[in-house]
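Here's the structure we're looking at; comments come further down.
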Amino acid sequence: MQPFAVSHISGRFISQLLSKRPGISQIKQIHAQIILQSLASTRLSLIDSLIHCYLHSKSLSSARILFDNHRSSPPPHVLLWNLMMRAYSKLQHCSEPINLFRRMIDTQAKPDEYTFTFVITSCAHQDSVLCGQVVHGMAAKNGNLLNLYVANSLIGMYAAFARVDDACEVFDKMSKRDVFSWTSLVSAFAKNGDMGKAGEVFRRMPLRNDVSWAVMISGFISAGMYTEALSYFQDMFRESNPNEAVIVCALSACANLGAFDHGKWIHGYIDGNRALQSSNTMTALIDMYAKCGRIDCAYLVFNKITKRDIHNYTSMISGLSIHGRGEESIRVFQRMLAEKLKPNDITILGVLNGCSHSGLLQHGSLIFYSMESSWGVVPKIEHYGCYVDLLGRAGYLAKAFGIVKTMPINPDVVVWRALLSACRIHSNLSFAERVIGYLEQLDCGSYSGTKVLLSNLYASLGKWGKVSQVRKVMGKQKNPADIGCSWIEVDGVVHEFRVSDMLHPQIAEIREKLGEILKRVGYAADATRVSFDLSEEDREQAVAWHSEKLAIAYGLMNTTSGASIRIMKNLRTCEDCHALLKTISKVYDREIIVRDRARFHTFRQGKCSCNDYW
DNA sequence: ATAGGGTTAG
């Protein structure tokens, strides 16, 4: 039977067509012609070009079929292996480049510097240090280490594994380095949490670009050094303009610091740059405003978005939740479902959190029990933690304990803490002791993490003998990151206070003001309740120096324009401070908003918005 | 060819 070929097209002409990298529908027509005219057997290079074209139009599966078929008789050219590997190495968490590399070695094909760059990159995407080291060795044997790209990708791979020494070794042996080599080395130190060294290398760089700045700024953020992140963000403007990644990072720093004025400035900058207006920046803006205590501004950003995606919704829902606006959080969630958007695990976590803050047991239970069947999201440990928290806060201690005992994942410290927290809220010591008894029986590592909570529980019930008993078992395990630390933003400047630190330039003034406040509100600190981690001698000083109180003093001293003082904190508001804030809000007639980790408490006229806290 | 990103309960 004759093929339907309308006219005969020469192999040479097809080759020319393919070299122009046509679109997918044209490629398919040309592919059909090659089959119809049996050109594949006479001109093998046509298939190679065809694979090249399929890869160019991102049709990886079509390319793969052709590649696998023609591989047998004359083995494919290195270029073709490389092209296939490059395509797969663009996908993260894909082991195909390594599989292809193995097959390539088996067919006696000789890898070149391109091959190694792709394979090394995908070793970094994979979680395989060992694989990377083997490939490193092979590249060395092949004499490809002198290639700039190969060495750069090696530094990048060791950076991904936070293997600083290996990254340095490759870097030191290079004869020529570019901005990629330097940036990757900075990234290695940053991934390792050593921002001091990262900064050193960063300053030594002969040339920096926007990515180099992004690596530093995001490094500071993962290290929890938000003030430093913002200061680098400001320095950056002298050299280059921030890109989307940097903007998102800077907004995250503002969110963590509660730096509203700074965040607002960045918002203005985004409004003036079309290139920065993306779903990512909108999501980060919503999050920033919510975490700065300005849910009204978060709404404004959210409502202005024309086509809202799942991340925008997630950010808005979580924002409403930390503000204790559970009903609204559910309403936005339902609006999202009506728009046929499928929630992800974090969206569900956000809405569950909203339910637990607002005591919406029924809504929360419904979402928790149907999340897998309705949206295909398998409950993770975080969701269990949230649900246990929801049940516990609502007073269903036995039901919550039942969930913990029967859940399919091993409960972690967070879950136990949520359960014990609920016991504290409902002043149910005997139930807490039952939980502790159960935990001791299990004899697992999670017990130690709950001791702080148990001691807080005893403290809130005035059982001081029990408190010191538990504290003794805990011993000294002070984590520097957990030391009391508060921030307050006044006129665009973020002021940071730590327990017993004297670094603030106005510390003497603030101290004086604090003394005045304490006297005026008739406040007597109960030294037995604060800072058990400190020695006896330090304790009294620590009470007076407690970072949060310093921040309040500074706020009262300097917030003259508005009635409200906003304080952001990374530690649990301690009990005596809570009492102090109530008194101050009454005596000074100020509204005080405190952020405790991710939750807001508003103090107004001697009352606190959250009644479940103590 | 090689480097960088947010949304998470307590």
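Every chain is numbered from 1, with letters handed out A, B, ... down the list of sequences.
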Where the side chain of [X] is defined as all heavy atoms beyond and including C-beta, which of [options] is the nearest nucleotide?
X         : options                : answer
Ser252(A) : dT7(B), dG4(B), dT8(B) : dT7(B)
Ile322(A) : dT7(B), dA1(B), dA9(B) : dA9(B)
Val215(A) : dA3(B), dG6(B), dG4(B) : dG4(B)
Tyr114(A) : dG4(B), dA1(B), dA9(B) : dA1(B)
Ala245(A) : dT8(B), dA1(B), dG4(B) : dG4(B)
Cys386(A) : dA9(B), dT2(B), dT8(B) : dA9(B)
Ala214(A) : dG5(B), dG4(B), dT7(B) : dG4(B)
Arg86(A)  : dA1(B), dT8(B), dG5(B) : dA1(B)
Glu113(A) : dG6(B), dA9(B), dA1(B) : dA1(B)
Val211(A) : dT8(B), dG6(B), dA3(B) : dA3(B)

Return the stacking result for dT2(B) and Phe180(A): yes when the ring centres lie under 5.5 Å apart and the planes under 30°, no otherwise. yes

Protein-nucleotide distance ([X], atom [atom1]; [N], atom [atom2]), rounded to Å:
X         : N      : atom1 : atom2 : answer
Asn280(A) : dT7(B) : CG    : C1'   : 10 Å
Met85(A)  : dT2(B) : CE    : C1'   : 16 Å
Tyr226(A) : dG6(B) : OH    : P     : 11 Å
Leu207(A) : dA3(B) : CG    : P     : 18 Å
Met288(A) : dT7(B) : CE    : C1'   : 14 Å
Tyr289(A) : dT7(B) : OH    : C1'   : 17 Å
Ile305(A) : dG6(B) : CD1   : C1'   : 13 Å
Phe118(A) : dT2(B) : CZ    : P     : 6 Å

Is there side-chain contact between Phe233(A) and Met216(A), with at least one heavy-atom pair below 4.5 Å? no

Can you tell me whether the side chain of Asn152(A) and the base of dA1(B) have a donor-acceptor pair closer than 3.5 Å? no

Can you tell me whether the side chain of Asn243(A) and the base of dG4(B) have a donor-acceptor pair closer than 3.5 Å? yes

Do NZ/NE/NH1/NH2 and the carboxylate oxygens of Lys173(A) and Glu169(A) come within less than 4.0 Å? yes

So [X], base contact, sugar-phosphate only, or nothing? Heavy-atom distance under 4.0 Å.
X         : value
Thr117(A) : base
Asn209(A) : base
Thr121(A) : sugar-phosphate

Indicate whether the side chain of Asp287(A) and that of Ser315(A) have a donor and an acceptor atom separated by less than 3.5 Å. no

Do Asn144(A) and Asn142(A) pair up side chain to side chain, a donor and an acceptor below 3.5 Å, judged on atom types alone? yes

If you draw the axis of the six-membered ring of Phe171(A), does the NZ or CZ of Arg177(A) fall within 45° of it and under 6.0 Å from the ring centre? yes

Under 4.0 Å from OP1 or OP2 of dT8(B): is there any side-chain N or O of Lys291(A) that close? yes

Do the two ring centres, one from Tyr289(A) and one from His267(A), sit under 6.0 Å apart? yes

